[in-house]
Number of protein chains: 2
Amino acid sequence: MGVGIGDVARRAGVSTATVSRALRGLPNVSDDARRRVLAAALELDYVVSPSASSLASGRMAAIGVVAPSVARWFFGQVVGAAEDAFRRAGYTLMLYLVEDQERRRRLFTDLPMRRRVDGLVVVSLPLDRTETDAVHRLGIPVVQVGSVRSGSVERFASVRIDDIAGARVAVDHLIALGHAEIGMIAGGLQERLDFTAPEDRRTGYRHALAAAGLPVDPALDVEGGYTVAGGEQAMAQLLARPRPPTAVFAQSDEMAMGALTTIRAAGLRCPDDVSVIGFDDHEMARLFDLTTVAQPVHEQGELAAAQMLAMIAGAPAGEPVVLPTRLVVRGTTGPPARRSVAKPPRTAAG
Amino acid sequence: MGVGIGDVARRAGVSTATVSRALRGLPNVSDDARRRVLAAALELDYVVSPSASSLASGRMAAIGVVAPSVARWFFGQVVGAAEDAFRRAGYTLMLYLVEDQERRRRLFTDLPMRRRVDGLVVVSLPLDRTETDAVHRLGIPVVQVGSVRSGSVERFASVRIDDIAGARVAVDHLIALGHAEIGMIAGGLQERLDFTAPEDRRTGYRHALAAAGLPVDPALDVEGGYTVAGGEQAMAQLLARPRPPTAVFAQSDEMAMGALTTIRAAGLRCPDDVSVIGFDDHEMARLFDLTTVAQPVHEQGELAAAQMLAMIAGAPAGEPVVLPTRLVVRGTTGPPARRSVAKPPRTAAG
DNA sequence: TTGAAAGCGCTAACAA
DNA sequence: TTGTTAGCGCTTTCAA
């Protein structure tokens with residue numbers, strides 16, 4: 001090690017200040033000086049010391065990304081998209097994983113990213129009042145991805161989908177097919193990191209039922225904890241009822257896949273005996289021929305990053321961005337087998 | 001902001017040096033002084049400036065992780081496990097994604113992590129000679145995850161599985177079931193970032209065939225590019241042969257899942273018509289009842305992180321760690337059906 | 001065990 | 001356009 005800005009300055013025959021300006025591409029440097037500086041830096045294999053640069057400038061050239069995981073599909077996609085945008089803009093992504101309540105607590109009390117990042121992207125962790133305050137006190141731009149709690153939405157930028165509308169579309173699809181007894185496998189709040197999505201999607205589910213004049217049976221609303229295994233168990237629970245639902249809305253594709261497995265294992269067929277619709281359009285959904293509600297995943301990461309970069313550049317937090325979802329009809333949904341009074345046209349995907 | 005170490009020193013009635021020592025838990029501080037410092041720091045809500053700290057100490061408290069992606073299952077798992085270990089040890093993970101050759105080139109010429117990290121973990125990117133040199137010149141510990149090229153293995157620590165042995169186990173399983181015509185869906189080198197895994201797994205495949213006295217038919221060795229879609233197409237290619245193999249070894253579970261989809265779409269049954277074995281034990285493998293060769297994923301991330309932390313603490317690079325794989329027999333493999341005539345299967349255009 | 005003070009390597013304000 | 005120079009906020013000798 002050891003090549004400093006002084007060495008470059010000496011070699012280029014200019015001052016360190018000029019070297020600094022030239023290397024950062026600032027405008028007020030003569031072409032000649034710039035050329036000499038670049039040449040000298042190259043010859044000496046010079047790189048700035050990020051810590052010295054940060055110390056002097058106050059900029060960290062890093063963005064913190066907080067996510068519940070990176071191993072699950074959705075988060076991996078979002079983080080990947082964000083990293084790309086950040087690196088392009090010269091920022092490094094610092095990853096902070098929050099896999100359980102304990103770590104979440106520590107993250108927001110210790111704030112390990114304090115003074116280490118120029119901005120913070122929070123993925124799928126609706127902040128409570130305390131957390132919002134803590135993060136706000138960092139004094140850096142914050143962008144939230146996924147649904148947020150009121151109270152933080154006014155202070156931070158956010159990118160999300162409309163979970164209520166998405167769920168509504170899913171259940172409307174089942175209703176349009178003629179289903180009247182529709183179960184739901186929810187994400188579940190308890191041990192998870194209390195996303196708001198489960199509640200929002202439940203709202204959409206109920207709205208759809210209500211709009212169709214269908215009763216809401218709480219016994220048909222079971223929890224799957226967002227996992228495949230949870231989906232399997234939840235479906236088993238539904239099938240064990242004296243009168244199982246003819247269709248099931250799973251709040252995530254992972255749970256839907258679990259549900260399909262249980263249905264198959266029970267010797268039933270989908271959609272003949274039970275229809276299943278998921279949520280996300282997971283990359284594997286197609287393999288299960290799973291009807292689902294697609295959400296733009298990559299785009300959420302990209303937009304969040306773009307917002308962040310804009311805010312770092314001085315832009316205000318802007319309005320919350322709500323991206324559209326899209327119904328993807330595949331083969332796991334169809335008209336109910338028995339008891340359908342009016343026979344709806346059979347959908348193409350079989 | 002503005003609370004500096006000086007403020008804490010004043011409030012605690014000690015020097016800044018003592019504050020620094022006390023806050024970092026160094027031994028040579030009296031209990032009394034330490035107590036006062038901690039109290040003062042707490043009251044003032046003081047946090048060190050990482051850049052100032054780094055500038056003065058030379059330590060960055062950050063580890064760079066380079067991976068081809070974080071959106072794919074394997075990488076997400078590894079990165080997640082590593083982040084956990086690093087955070088526990090007080091290090092932040094800086095993520096560098098390398099999704100194509102262009103970025104890979106830039107990563108190793110620009111070395112954006114230069115001087116920003118205390119160590120580098122390289123996941124599934126066997127470094128060529130130039131890259132090895134470039135990374136070595138950083139003068140920081142390097143740990144590689146996944147197979148490596150000779151030439152880098154002597155200089156860096158590494159954690160991996162034995163791909164040759166793993167593939168051998170997979171194909172041996174098929175042979176033991178009575179299969180004699182065994183196809184392979186390989187990972188493919190071309191457009192990807194030239195992992196060595198595809199070649200190693202091919203070697204294991206060939207060894208197994210050779211050991212059983214079976215011929216190697218190059219026409220049964222097709223590429224699937226590590227993706228689901230690639231697996232689908234590759235399987236279609238195999239089924240289109242006048243005499244399709246009775247069993248297929250897919251070099252990844254993702255490709256195996258694609259293969260299963262094609263088999264199903266062709267109206268064939270698994271394992272009755274074709275057996276399929278994968279590699280990885282992807283979290284979704286169970287849902288497909290997929291027989292596979294499991295590799296420890298989380299553990300590779302953990303061990304790599306542990307190695308890294310040890311090396312940062314001064315330990316030498318240590319011997320390469322090779323973790324065992326494990327055959328997981330599920331429902332997609334079985335004995336070959338006795339077939340008299342090779343009936344052309346109806347393939348689905350795909 | 002403690003404190004004084006010299007850096008660490010750069011950026012930015014100011015002067016030229 | 002360029003150079004001078006005072007910080008930026010710590011860590012780490014070295015001396016006490």
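In what follows, every chain begins at residue 1, and chains take the letters A, B, ... in the order their sequences are listed. Please read these numbers as outputs of a predicted model, since none were measured by experiment. In what follows, every heavy atom counts, from backbone to side chain, and hydrogens, waters and symmetry copies are set aside.
Using a 4.0 Å cut-off, some side-chain N or O of A:Ser15 falls inside it from OP1 or OP2 of D:dG3. Between B:Ser53 and D:dC10 there is no side-chain polar atom (N or O) within less than 4.0 angstrom of OP1 or OP2. Side-chain nitrogen and oxygen atoms of B:Arg59 include none within less than 4.0 Å of the OP1 or OP2 phosphate oxygen of D:dC10. Phosphate proximity of D:dG3 to A:Arg10: absent, as no side-chain N or O sits under 4.0 Å from OP1 or OP2. Taking 4.0 angstrom as the limit, B:Ser49 places none of its side-chain polar atoms (N or O) nearer than this to OP1 or OP2 of D:dC10. When the side-chain nitrogen and oxygen atoms of B:Ser20 are compared with OP1 and OP2 of D:dC10, none of them lie within a distance under 4.0 Å.
Salt-bridge annotation for B:Arg105 and B:Asp100: absent, with no side-chain N of the basic residue lying under 4.0 Å from a carboxylate O of the acidic one. We find that A:Arg103 and A:Asp110 are not joined by a salt bridge, their nearest charged nitrogen and carboxylate oxygen being 4.0 Å or further apart. Using a 4.0 Å cut-off between a side-chain N of Lys or Arg and a carboxylate O of Asp or Glu, A:Arg104 and A:Asp128 do not qualify as a salt bridge.
Sequence order on DNA chain D of the closest nucleotides to B:Leu55 and B:Leu26 puts B:Leu55 first from the 5' end. Closest-nucleotide positions on DNA chain C for B:Thr18 and B:Ala52 were compared, and the one nearer the 5' end corresponds to B:Thr18.
Rounding to the nearest 0.5 Å gives a distance of 9.0 Å between CZ of A:Arg115 and CE of A:Met60.
Residue A:Ile5 contributes atom CD1, which lies 19 Å from atom P of D:dG7 at whole-angstrom precision. C:dA12 atom C1' lies 8 Å from atom CZ of A:Arg24, rounded to whole Å. Rounding to whole angstrom units, OH of residue A:Tyr46 and P of C:dG9 are separated by 10 Å. Between the CZ atom of B:Arg114 and the P atom of C:dC10 there is a distance of 12 Å, rounded to whole Å. One atom, CE of A:Met60, and another, P of D:dC10, lie 12 Å apart when rounded to the nearest Å.
Of the residues in residues 28-36 of chain B, not one comes within less than 4.0 Å of DNA chain D through any heavy atom.
Within 4.0 Å of A:Arg21, counting heavy atoms only, lies at least one base atom of the nucleic acid.
For a distance-only test at 3.5 Å, the side chain of A:Arg115 fails to qualify as a donor-acceptor partner of the base of D:dG9.
Looking at the side chain of B:Ala17, the nearest of the listed nucleotides C:dT11, C:dA4, D:dG9 is C:dA4.
In this structure, B:Val122 and B:Val143 have side chains that are not in contact, with every pair of non-hydrogen atoms separated by 4.5 Å or more. Under the 4.5 Å side-chain criterion, counting only non-hydrogen atoms from C-beta, B:Arg34 is in contact with B:Val29.
Using the six-membered ring where Trp is involved, A:Phe86 and A:Tyr91 have ring planes that are perpendicular, over 60° apart on the 30 and 60° scheme.
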